[in-house]
J.: 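Quick one: this structure, given as structure tokens, is what I'll be asking you about.
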Amino acid sequence: MTNKLNTLLCSCLLLFTVASAQKKTEWVTLKGELKNFSNQVQVEDLSEFQYLLPPTNERMIVPDAKSSFNIRFKLAKPNYFRLGRNILYLSPGDDMEIVVDYKNQMAAVFKGRGAEANAYLKSTPFPKGGSFIEAGSQVKESPEATIIAIEAQADIRRKELANTKNVTAEFRRLEQARIKADLINSFYSGEDYSIYSLKLKDEKAKEFSLAYQKAIAPKLAFYSKNFVDASLMKLVVYRDIASDLVKNGGKAADLQSINDWYSSYSMVRAIQKVSDKSQLGAFKAKIAAIKTPELRGVVNQTLVRQMAFGKGDTAVDFIAEDLSGRQVSLSSLKGKVVYVDLWATWCGPCMKEMPYFEKLKLKYKDNPAVVFISLSLDDTTTPWKASVAERKADGYQWHINRSKLRDYNIVGIPRSLLIDKDFKMVDMNAPMPSETEVGQRIDELLK
């Protein structure tokens, strides 16, 4: 009897130990130093839901005076994240001491459980820079030479991945797919970067384009073959090219899920542009038509959130920072018509709007009943202040962390907000400074 009892106790203890270990592996711990960051930064989700879910304050890091930090958060399954300019791959149970420099992703240091995968990811190409084309640095005199240079960069990554130890088979699968996706993205990007870098114009540019398209056609056909896989939508670069890949056909389930993602993305953007909550009900039937359950669920979250706050509601207050480092609040401008221009130095379309924004300010410079806030969403204050100084911009120049604007669902910029004298939301997606309608909308509120 005693032996049976001891066996039972041991079994229970073993089950408790295993359960405790399983529970413990739900956590990710990151600690260390953040260099050249602002006063707070988010470990940003890069999964397939990156552009679909409403903004969140989860995984927010607030470094101390010495730039040190310690954060711990739950994670159900491995996923890609971004910290500054470094791509991270985190798994339940990861526990790392890290150093990340916002100005130099290659200077990052990783130690502890999960370090090897993240050290490899330091060299991850930037899709918006053309992946292996590296913003034009791999452009050669001929399309054929450029293709050779691109494939050489991919070979380097393959060797680096092969030499990376202590990573899972799933991580290798995903990263092998990333290399192929980066190759395809590089071929797509190479034409524009080549024309720009080689300073080709008119007929020479047209001639080069024809030659380039002919040269990359067999490469695209080779690398795109049998490359439709919905599980790869967690890779940013794959999402950038998948709309072209599905044209080649594939498994029905993969095609459905990928097409649902693009439908969901378009629908989320459309929902976010609707300020009048009475018009949002029309999206319910469209959401119900999304066949992929997870995607249908996240789009519905956006709809519910948008219906909770919009046109006619009292504006949600927020605290920003002005050029002197002083905290400033939106509510301090109650009693005035408020136009908020949301931008960042890295946003090309935002910077194109700047001259129009300055003209708009100038038009109403003698009217104290309206104010214009230039609200930067830059990751750090340094580029924001440099841009303001370079443009000699005056007036309300504020900076804020995007996470503080959660109620405003800021996903894409440029974007503008319009608030009336009673501090009520007039438009969550007001006309851009370059649009003629913006003056008319402001004038109506001033009457």
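Note that these values count all heavy atoms, side chains included, but never hydrogens, waters or copies made by symmetry.
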J.: Within 45° of the ring axis of F423 and under 6.0 Å from its six-membered ring centre, is that where the NZ or CZ of K334 lies?
T.: yes

J.: Please report the C-alpha distance between D95 and K31 in whole Å, then the side-chain angles of each, then the deciding distance to 0.1 Å, and finally whether the side-chain contact (heavy atoms from CB on, under 4.5 Å) criterion is met.
T.: CA-CA 8 Å; D95 188 345; K31 54 184 176 293; 3.1 Å; yes

J.: Can D322 and R326 be counted as an ion pair, charged N to O under 4.0 angstrom?
T.: yes

J.: On the 0 to 90° scale, with breaks at 30° and 60°, tag the Y265-W261 ring pair as parallel, tilted or perpendicular.
T.: parallel

J.: Angle between ring planes, F372 versus Y364, binned at 30° and 60°: parallel, tilted or perpendicular?
T.: tilted

J.: Between S67 and K35, does any side-chain donor sit less than 3.5 Å from a side-chain acceptor?
T.: no

J.: Take atom CZ in F73; do more than 12 heavy atoms of anything else shown fall under 6.0 Å from it?
T.: yes

J.: Rounded to the nearest 0.5 Å, what separation is found between the CG atom of L235 and the OG atom of S47?
T.: 11.0 Å

J.: Should the heavy atoms of other residues, nucleotides or ligands under 6.0 Å from CD of E160 be counted, would the total exceed 12?
T.: yes

J.: Would you give the length of the straight line joining atom CD of Q153 to atom CD of E134, rounded to the nearest 0.5 angstrom?
T.: 5.0 Å

J.: Determine, step by step, whether Q50 and R239 satisfy the side chain to side chain donor-acceptor pair (under 3.5 Å) criterion, reporting the C-alpha distance in whole Å, the side-chain angles of both residues, the deciding distance to 0.1 Å, and the verdict.
T.: CA-CA 11 Å; Q50 177 188 11; R239 295 198 293 269; 2.6 Å; yes

J.: Show the numbers, then the answer: is there a side-chain contact (heavy atoms from CB on, under 4.5 Å) between I98 and V109?
T.: CA-CA 5 Å; I98 69 177; V109 178; over 6 Å; no

J.: Return the minimal non-hydrogen interatomic distance between S264 and V299, and the atom names on each side.
T.: CB-CG2, 3.5 Å

J.: Begin with the C-alpha distance, continue with both residues' side-chain angles, and end with the deciding distance and a verdict on salt bridge (Lys or Arg N to Asp or Glu O under 4.0 Å) for D260 and R296.
T.: CA-CA 9 Å; D260 276 351; R296 186 169 61 245; over 6 Å; no

J.: Answer yes when D394 and K361 have at least one side-chain N-carboxylate O distance shorter than 4.0 Å, and no when they do not.
T.: yes

J.: Does atom CG (D64) have a neighbourhood of more than 12 heavy atoms from anything else shown, all under 6.0 Å?
T.: yes

J.: Does NZ in K421 sit with more than 12 non-hydrogen atoms of other residues, nucleotides or ligands closer than 6.0 Å?
T.: yes

J.: So which heavy atom on E33 is nearest to which on F69, and how close?
T.: N-CE2, 3.7 Å

J.: Side chains of I61 and L83: does their closest heavy-atom pair fall under 4.5 Å?
T.: yes

J.: Does a side chain donor of either S331 or D317 reach within less than 3.5 Å of an acceptor in the other side chain?
T.: yes

J.: Does the side chain of Q213 come within less than 4.5 Å of E191's, by heavy atoms?
T.: yes

J.: Looking at L255, is its backbone amide N or carbonyl O close enough to the side chain of N259 to form a donor-acceptor pair, meaning the two atoms are under 3.5 Å apart?
T.: yes

J.: Do I373 and L330 have side chains that approach each other closer than 4.5 Å (heavy atoms only, starting at C-beta)?
T.: yes

J.: Starting at CG of L342, measure out to CD1 of I410 and round the result to the nearest 0.5 Å.
T.: 5.0 Å

J.: Do you know which two heavy atoms are closest between I133 and G190, and how far apart they sit?
T.: CD1-CA, 4.0 Å

J.: Would you say the ring centroid of Y89 lies under 6.0 angstrom from that of F81?
T.: no

J.: I'd like to check M60 versus I71 (side-chain heavy atoms, cut-off strictly below 4.5 Å). Are they in contact?
T.: no

J.: Any side-chain donor paired with an acceptor under 3.5 Å for E116 and N166?
T.: yes

J.: Centres of the F187 and Y212 rings: under 6.0 Å?
T.: no

J.: Between the main-chain N or O of S329 and the side-chain N or O of S332, is there a donor-acceptor pair closer than 3.5 Å?
T.: yes

J.: Apply side chain to side chain donor-acceptor pair (under 3.5 Å) to N248 and list each qualifying residue two or more places apart in sequence or on a separate chain.
T.: none

J.: Please tell me if the side chains of M425 and F309 come closer than 4.5 Å, counting only heavy atoms from C-beta onward.
T.: yes

J.: Does the cation-pi check pass for R85 over Y102, that is, NZ or CZ under 6.0 Å from the six-membered ring centre and within 45° of its axis?
T.: yes

J.: Between K219 and E151, does any side-chain N to carboxylate O distance fall below 4.0 Å?
T.: yes

J.: Rounded to the nearest 0.5 Å, what separates atom CG in L405 from atom CG in L417?
T.: 8.0 Å

J.: Does a salt bridge link R173 with D229, judged by any charged N lying under 4.0 Å from a carboxylate O?
T.: yes

J.: Shortest non-hydrogen contact from V371 to K336?
T.: CG1-CD, 3.6 Å

J.: Atom CZ of R406 and atom CG of N401: how far apart are they, to the nearest 0.5 Å?
T.: 13.0 Å

J.: Looking at E175 and R178, is there a salt bridge between them, counting it only when a charged N and a carboxylate O are closer than 4.0 Å?
T.: yes

J.: Applying side chain to side chain donor-acceptor pair (under 3.5 Å), can you list everything that pairs with N118, at least two apart in sequence or on another chain?
T.: none

J.: Would a 4.5 Å heavy-atom cut-off, applied to side chains only, mark Y262 and M233 as touching?
T.: yes

J.: Would D427 and R441 pass as an ion pair if we require N to O under 4.0 Å?
T.: yes

J.: Below 4.5 Å, heavy atoms only, C-beta onward: do L375 and F318 meet side chain to side chain?
T.: yes

J.: I need the minimum non-hydrogen distance between L418 and A430, along with the two atoms involved.
T.: CB-CB, 3.8 Å

J.: Step by step, would you call R391 with S387 a side chain to side chain donor-acceptor pair (under 3.5 Å)?
T.: CA-CA 6 Å; R391 292 182 286 109; S387 176; 3.1 Å; yes

J.: Could you tell me whether the side chain of S197 and the main chain of S137 form a donor-acceptor pair under 3.5 Å?
T.: no

J.: What heavy-atom pair brings I150 and S186 nearest, and what distance separates the two atoms?
T.: CG2-CB, 3.6 Å

J.: Would you please test D182 and S131 for side chain to side chain donor-acceptor pair (under 3.5 Å) and show each step?
T.: CA-CA 5 Å; D182 275 319; S131 294; 2.5 Å; yes

J.: If we count only N and O atoms by modelled type, under 3.5 Å, do the side chains of Q306 and Q272 hold a donor and an acceptor together?
T.: no

J.: Just checking F283: does its CZ atom have more than 12 heavy atoms from other residues, nucleotides or ligands closer to it than 6.0 angstrom?
T.: yes

J.: Got a sec: does the NZ of K311 have more than 12 other heavy atoms crowding it under 6.0 Å?
T.: no

J.: Tell me, with the steps shown, if D101 and Q105 meet side chain to side chain donor-acceptor pair (under 3.5 Å).
T.: CA-CA 6 Å; D101 189 338; Q105 69 187 61; over 6 Å; no

J.: Would you say V438 and M432 make side-chain contact, with heavy atoms under 4.5 Å?
T.: no

J.: Please collect all side-chain hydrogen bond (donor to acceptor under 3.5 Å, both in side chains) contacts where either partner lies in residues 337-357, sequence neighbours excluded, each pair once.
T.: Y339-S416, W343-S374, T345-D378, E353-S434

J.: Regarding E44 and R82, does a basic nitrogen lie under 4.0 Å from an acidic carboxylate oxygen?
T.: yes

J.: Let me confirm one number: the NZ-OH distance from K180 to Y223, rounded to the nearest 0.5 Å.
T.: 9.0 Å

J.: Are K128 and D240 within salt-bridge range, i.e. N to O under 4.0 Å?
T.: yes

